[in-house]
Number of protein chains: 2
Amino acid sequence: MYTSHLLPSASSATFPAFGLSSEALTLESLFASLPVDKFAAGEGVFWEGDAASDIFQIAEGCLRLYRILPDGRRAIIGFRFAGEMLGLSCEGTYCYTAEAVTPIRLRRLSRARLRAMSEGDGQLQSLLLAKVFEEIRAAQQHIVVLGQLGAEERAAHFLVSAARRTGADRKRPVVIELPMTRQDIADYLGLTIETVCRVMSKLKRDGLVTLEGRHRVILVRVADLQQLAGELDSAEPWERQASPWCPPQWPH
Amino acid sequence: MYTSHLLPSASSATFPAFGLSSEALTLESLFASLPVDKFAAGEGVFWEGDAASDIFQIAEGCLRLYRILPDGRRAIIGFRFAGEMLGLSCEGTYCYTAEAVTPIRLRRLSRARLRAMSEGDGQLQSLLLAKVFEEIRAAQQHIVVLGQLGAEERAAHFLVSAARRTGADRKRPVVIELPMTRQDIADYLGLTIETVCRVMSKLKRDGLVTLEGRHRVILVRVADLQQLAGELDSAEPWERQASPWCPPQWPH
DNA sequence: GAGCCTCTGTTACGAACTGTTACGTACTGG
DNA sequence: CCAGTACGTAACAGTTCGTAACAGAGGCTC
């Protein structure tokens with residue numbers, strides 16, 4: 001799981017890459033027949049304050065969710081990847097801006113229609129509620145990370161979470177792809193870009209990871225990274241299937 | 001609103017002190033006939049990992065919600081006050097420990113029973129969902145505070161939020177009562193107790209607040225405090241009624 | 001109710017960490 | 001291939017932390 005909001009998708013439901021789970025199929029099928037919207041990298045899907053009329057499922061790509069403070073600082077609340085949903089936990093207006101990190105394709109479902117569909121469908125309601133609870137749990141995890149962990153610990157947590165989320169932690173070597181920029185990571189972890197660089201370099205120097213280019217990290221000593229991360233994950237219910245992962249080809 | 005989780009109660013529903021709102025009555029009436037449990041200050045109501053069998057409504061007093069990290073650090077996720085609910089957004093097991101800050105009285109409703117009651121009751125479902133959404137919004141607010149604000153800004157935000165939450169910001173002078181200890185505030189704001197003291201002293205020295213004993217703060221220059229807090233509140237939908245407030249008599 | 005005791009809170013100062021600024025390098029896209 | 005952007009590194013500055021000493025409030029005993 002990605003520190004917190006990187007993996008706010010399913011708790012009991014899963015998102016296998018080819019839709020083998022019956023529970024997941026229920027949710028996936030809601031979107032399956034909908035047309036696909038495309039957005040270029042850097043494009044916004046919706047903005048904080050917009051009427052929250054739709055929810056989205058990401059068919060492909062990666063988004064960042066953020067809020068801008070009055071003085072211009074940017075707080076990234078989380079990232080969303082292929083297979084995950086977007087905008088479910090907003091009511092009235094979106095409480096953050098959603099922007100494409102990579103080129104993305106997503107399907108749009110109006111909130112009104114979802115409401116109509118879930119009316120009287122207890123199973124669907126449960127699935128949606130599970131996603132909302134998952135999002136709360138992820139947010140609380142993020143709160144713990146930002147409030148209690150130091151820079152190196154936050155970075156370790158970010159990496160370990162990414163590995164778990166993508167399922168990379170079940171292969172050897174553990175290779176994770178990070179489509180977002182260092183600035184994105186910094187704004188997500190509550191650090192500056194320089195501190196992120198420093199810490200990544202230190203992890204590399206200490207032999208915990210290997211860096212291949214800007215967007216690929218190989219976790220060498222996973223157990224040590226997990227310990228650095230405060231082992232916040234191990235007690236977490238993220239024992240789940242990986243979401244489909246976009247191929248490593250995002251330009252910046 | 002309290003930085004974030006201090007006020008995760010209602011978004012559309014309100015909790016007037018004497019239950020005058022019809023929406024609030026719907027939720028309040030769920031608990032009204034239930035027996036009252038009492039807990040002494042420092043006592044735990046439930047623990048992280050416990051089966052989340054019940055949800056609670058606080059009749060009186062204040063609780064802290066926290067998680068303990070493997071190395072002993074304590075992260076306070078939020079506080080809960082009289083009139084608010086507890087344990088709603090957990091599924092399966094509680095994801096934090098709830099502990100009385102002051103002597104508390106609360107009413108317990110089993111999750112199974114709530115489920116049965118809400119089955120087929122669309123209005124009740126909406127009310128509960130609104131509370132869950134409110135909690136997510138509060139958590140995201142807390143993420144922004146912990147990730148982007150400095151120590152003084154966090155403290156200012158904490159105070160302004162407390163004022164808004166208790167309705168103290170609509171009177172002059174703005175007097176807020178903080179039943180929790182400095183250590184609680186520190187663990188909530190991601191600071192050390194010394195930094196909390198230092199910052200509070202600085203706010204006092206700068207004439208922004210007056211401190212009366214350990215648990216009472218008078219906000220002198222509210223607008224300046226709000227600006228320090230990043231004005232995160234002003235754009236927030238916390239334009240709501242205050243919850244009933246416990247009398248200022250908590251010993252430590 | 002007086003006095004002692006313990007716990008909480010406050011302040012000071014040095015240490016550690018993170019932010020800031022600046023500059024050089026690597027990658028990306030045209 | 002070139003220009004622009006993102007990234008990495010280093011030196012310096014600022015903030016926060018950690019330790020420690022002290023002050024004050026509340027509780028307890030007598």
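Regarding Q148(B), its CD atom lies at a distance of 14 Å from the C1' atom of dT18(C), rounded to whole Å. Rounded to whole Å, atom P of dT16(D) lies 8 Å from atom CD of E152(B). Atoms CD (E153(A)) and C1' (dC17(C)) sit 12 Å apart, rounded to a whole Å. Rounded to whole Å, the distance from CG on L149(A) to P on dT18(C) is 11 Å. For the pair Q183(B) CD and dG18(D) P, the computed distance is 11 Å after rounding to whole Å. Separating the CG atom of D187(B) from the P atom of dT8(C) is a distance of 13 Å, rounded to the nearest angstrom. One interatomic measurement links the two molecules: CG of L203(A) to P of dT9(D), which rounds to 12 Å at whole-angstrom precision. A straight line from CZ of R216(B) to P of dT8(C) spans 21 Å, rounded to a whole angstrom.
Between M200(B) and A151(A), the one whose closest nucleotide on DNA chain C sits nearer the 5' end is M200(B). Comparing G190(A) and V196(B) against DNA chain C, the residue whose closest nucleotide sits nearer the 5' end is V196(B).
Residues E135(B) and S89(B) bring a donor and an acceptor atom of their side chains to less than 3.5 Å of each other. Checking R67(A) against Q141(B) by side-chain atom types alone, a donor-acceptor pair falls below 3.5 Å.
Out of dG9(C), dA12(C), dG19(C), the shortest distance to the side chain of I193(B) is found at dG9(C). Proximity note for R182(A) (side chain, C-beta onward) versus dT9(D), dC7(D), dT11(C): the nearest is dC7(D). Considering only side-chain atoms of T181(A), the nucleotide from dG19(C), dC7(D), dT10(C) that sits closest is dC7(D).
Under 4.0 angstrom from either OP1 or OP2 of dT16(D) there lies no side-chain N or O belonging to T192(B). Look at R198(A) and you won't find any side-chain N or O under 4.0 angstrom from OP1 or OP2 of dT18(C). For dT9(D), the OP1/OP2 oxygens have a side-chain nitrogen or oxygen of S201(A) closer than 4.0 Å. Taking only side-chain nitrogens and oxygens, R214(B) never comes nearer than 4.0 Å to OP1 or OP2 of dG24(D).
With values rounded to the nearest 0.5 angstrom, D50(B) atom CG is found 12.5 Å from Y96(B) atom OH.
Within the nucleic acid shown, G150(B) comes within 4.0 Å of sugar-phosphate atoms alone, with no base atom in reach, counting heavy atoms only.
Under the 6.0 Å distance and 45° angle rule, R74(A) counts as a cation-pi partner of Y66(A).
With hydrogens and angles disregarded, a donor-acceptor distance shorter than 3.5 Å links the side chain of T97(A) to the backbone of E48(A).
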